[in-house]
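Quick notes on the structure that follows.
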Amino acid sequence: MAHPEYILTISCLDQRGIVHRVSGFLADHGCNIIDSAQFGDAQSKLFFMRVHFASEDTALSDAVLRADFAALGGELKMDWQLHDAGAKPRLLLMVSKIGHCLNDLLFRYKSGLLPVEIPAIVSNHTDFYQLAASYNIPFHHLPLAAGASEEAKLVQESRILEIVEANQVDLVVLARYMQILSPSMCAALKGRAINIHHSFLPSFKGAKPYYQAHDRGVKLIGATAHFVTSDLDEGPIIEQGVERVDHAMGPDTLTAIGRDIESVVLARAVKWFTEHRILLNGHKTVIFN
């Protein structure tokens, strides 16, 4: 008989005995730890922990487990979450006119490499409606004209948030969605929206970063997956990747190499999120691989 499995994530002020208290709680409640990782940040004075465990007491309900842990969490002033390890997180993918990241995520989803549900794809263009249809995923075309007013932008974003709520979306993925989200939209999606930036942040921000990199004669190019915040391209970094290049490569070659990096980096970030491996540490992240 398979036992229900959970993933518990914790952050709180570092103090003696946290691991002992958590592991003791789980043992007392008939739970068996499958794997565990923790980290104490000397700079922020915060402690982070991720525990994957199985509940082997058939009399222990999910509600009782959560209620009992809430008492411990309150005592130690924890920011904690308890996730059903068997539940598939629900993703909303957003894209504009460049589709390599979208295509890569859809392939990983369809082949079972990314255990998620994708109830919707949103775009401000129609380029990928046929791709969405080939995966039997609803495609929402929400156009936003160049130079659109702030009011029009907010109306479009409110529609996106309606789709998020209606589909019980856990994570919004900006898979090369080339629109800047408003501060209110960023606030509504805080901690559950990931963007892929086609550059190794914080270098070469703005338009055509690979052309900027080529002009500077760089020897490494890269991509950065980060949480979305109202500070453009300044959100907590989740994952980065680089590839060596040389003087013989033109900007188009760099762009092609960069797109491969973007796809891999974004897929890693999304997978780590869905496995509850990412914890926020101020402007940084803790990643339990």
Side-chain angles (χ1 to χ4, degrees), residues 7 9 11 78-84 87-97 101-102 105 109 114 116-125 128 132 137-198 201 205 224-239 265-267 269-287:
I7 296 172
T9 58
S11 64
M78 292 177 174
D79 181 5
W80 63 276
Q81 291 184 309
L82 184 61
H83 306 274
D84 179 350
K88 290 185 177 182
R90 296 171 64 80
L91 273 55
L92 171 67
L93 305 183
M94 298 180 62
V95 66
S96 289
K97 294 178 71 69
C101 287
L102 173 68
L105 290 172
Y109 152 72
L114 189 61
V116 299
E117 300 291 348
I118 304 177
I121 295 172
V122 166
S123 181
N124 54 326
H125 298 280
F128 299 110
I137 298 174
F139 182 88
H140 301 267
H141 177 221
L142 303 179
L144 197 62
S149 67
E150 188 66 22
E151 181 180 0
K153 185 179 184 68
L154 293 176
V155 169
Q156 189 242 24
E157 289 185 344
S158 68
R159 177 63 184 126
I160 296 172
L161 291 177
E162 288 174 3
I163 295 170
V164 168
E165 183 176 358
N167 290 279
Q168 299 178 305
V169 167
D170 299 298
L171 176 66
V172 173
V173 183
L174 306 187
R176 295 301 301 270
Y177 179 70
M178 307 305 288
Q179 292 289 327
I180 298 172
L181 303 186
S182 69
S184 61
M185 182 75 159
C186 292
L189 297 175
K190 182 178 180 181
R192 55 189 185 122
I194 292 176
N195 182 46
I196 184 66
H197 186 80
H198 46 305
L201 292 175
K205 299 179 183 178
T224 304
H226 63 90
F227 281 112
V228 175
T229 67
S230 57
D231 296 321
L232 183 63
D233 298 331
E234 297 286 347
I237 291 172
I238 301 169
E239 172 64 335
V265 168
L266 181 59
V270 170
K271 190 170 189 292
W272 293 343
F273 183 95
T274 62
E275 294 174 346
H276 314 293
R277 297 184 181 277
I278 309 170
L279 282 74
L280 285 170
N281 183 16
H283 296 298
K284 300 185 292 184
T285 58
V286 173
I287 313 289

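As a basis for the values below, the full set of heavy atoms in this structure was taken, side chains included, without hydrogen atoms, waters or symmetry mates.
Listed by chain and residue number, D41, S44, L46, F48, K284, V286 satisfy the side-chain contact (heavy atoms from CB on, under 4.5 Å) test with N281 (two or more places apart in sequence, or in another chain). Every residue was checked against the side chain to side chain donor-acceptor pair (under 3.5 Å) condition with S158, not counting sequence neighbours, and none meets it. Under the side-chain contact (heavy atoms from CB on, under 4.5 Å) criterion, H125 pairs with S96, K97, S123, D127, sequence neighbours left out. Evaluation of the side chain to side chain donor-acceptor pair (under 3.5 Å) rule for T274 yields no partner, not counting sequence neighbours. Evaluation of the side-chain contact (heavy atoms from CB on, under 4.5 Å) rule for A267 yields D104, L105, R108 as partners, not counting sequence neighbours. E165 pairs by the side-chain contact (heavy atoms from CB on, under 4.5 Å) definition with nothing, not counting sequence neighbours. Under the rule for a side chain to side chain donor-acceptor pair (under 3.5 Å), E117 has no partner lying at least two apart in sequence or in another chain. For W272, there are no ring pair (Phe, Tyr, Trp, His ring centres under 6.0 Å) partners two or more places apart in sequence or in a different chain. A search for side chain to side chain donor-acceptor pair (under 3.5 Å) contacts involving R277 returns E275, not counting sequence neighbours.
Side-chain contact between Y109 and I137 is present, with heavy atoms from C-beta onward closer than 4.5 Å. Proximity of L92 to N167: side-chain heavy atoms (C-beta onward) are nowhere separated by under 4.5 Å. In this structure, the side chains of L181 and L174 come closer than 4.5 Å at one or more pairs of heavy atoms. In this structure, D231 and C186 have side chains that are not in contact, with every pair of non-hydrogen atoms separated by 4.5 Å or more. Residues L93 and V95 are not in side-chain contact: their nearest non-hydrogen atoms beyond the backbone lie 4.5 Å or more apart.
Interatomic distance, I278 CD1 to K271 NZ, rounded to the nearest 0.5 Å: 11.5 Å. One distance of note links CD1 of I121 with CE of M94; it measures 11.5 Å at 0.5 Å rounding. Here the straight-line distance linking atom OH of Y177 with atom CG of L144 works out to 6.0 Å at 0.5 Å rounding.
Residue-environment remark: NE2 (H283) stays at or below the threshold of 12 foreign heavy atoms within 6.0 Å. Shown here is L154, whose CG atom has more than 12 heavy atoms of other residues, nucleotides or ligands within 6.0 Å.
Considering every non-hydrogen atom in both P143 and H141, the closest pair reads CD-O, 3.3 Å. Between A175 and C101, the closest heavy-atom pair is CB-CB, 4.0 Å. What you find for Q156 and L142 is that their closest heavy atoms are NE2-O, 3.0 Å. Residues G191 and F273 come closest through the heavy atom pair O-CE1, 3.4 Å. When every heavy atom of A87 is checked against every heavy atom of P89, the shortest pair comes out as O-CD, 3.3 Å. Of all heavy-atom pairs spanning G282 and P236, the tightest one is O-CG, 4.1 Å.
Just one of N195, I196, L102 meets the side chain to side chain contact (heavy atoms under 4.5 Å, CB included) condition when paired with L266; it is I196.
Using cut-offs of 30° and 60° on the angle between ring planes, the pair H83 and H276 is parallel.
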Review point. Taking it one step at a time, do V116 and L171 satisfy side-chain contact (heavy atoms from CB on, under 4.5 Å)?
Key: CA-CA 10 Å; V116 299; L171 176 66; over 6 Å; no
Practice item. Before giving the answer on side-chain contact (heavy atoms from CB on, under 4.5 Å), spell out for V122 and V172 the whole-Å C-alpha distance, their side-chain angles and the decisive distance to 0.1 Å. Key: CA-CA 10 Å; V122 166; V172 173; over 6 Å; no
Practice item. Please report the C-alpha distance between T285 and L280 in whole Å, then the side-chain angles of each, then the deciding distance to 0.1 Å, and finally whether the side-chain contact (heavy atoms from CB on, under 4.5 Å) criterion is met. Key: CA-CA 5 Å; T285 58; L280 285 170; 4.1 Å; yes
Exercise for review: Decide yes or no on side-chain contact (heavy atoms from CB on, under 4.5 Å) for I194 and F227, but give the supporting numbers first.
Suggested key: CA-CA 5 Å; I194 292 176; F227 281 112; 4.1 Å; yes
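The salt bridge (Lys or Arg N to Asp or Glu O under 4.0 Å) pairs that include a residue from residues 176-195 are R176-E262, where partners are two or more places apart or lie in different chains. Residue pairs meeting the salt bridge (Lys or Arg N to Asp or Glu O under 4.0 Å) criterion with at least one partner in residues 150-160, sequence neighbours excluded, are R159-E162.
Distance alone, capped at 3.5 Å, places no donor-acceptor pair between the E239 side chain and the A269 backbone.
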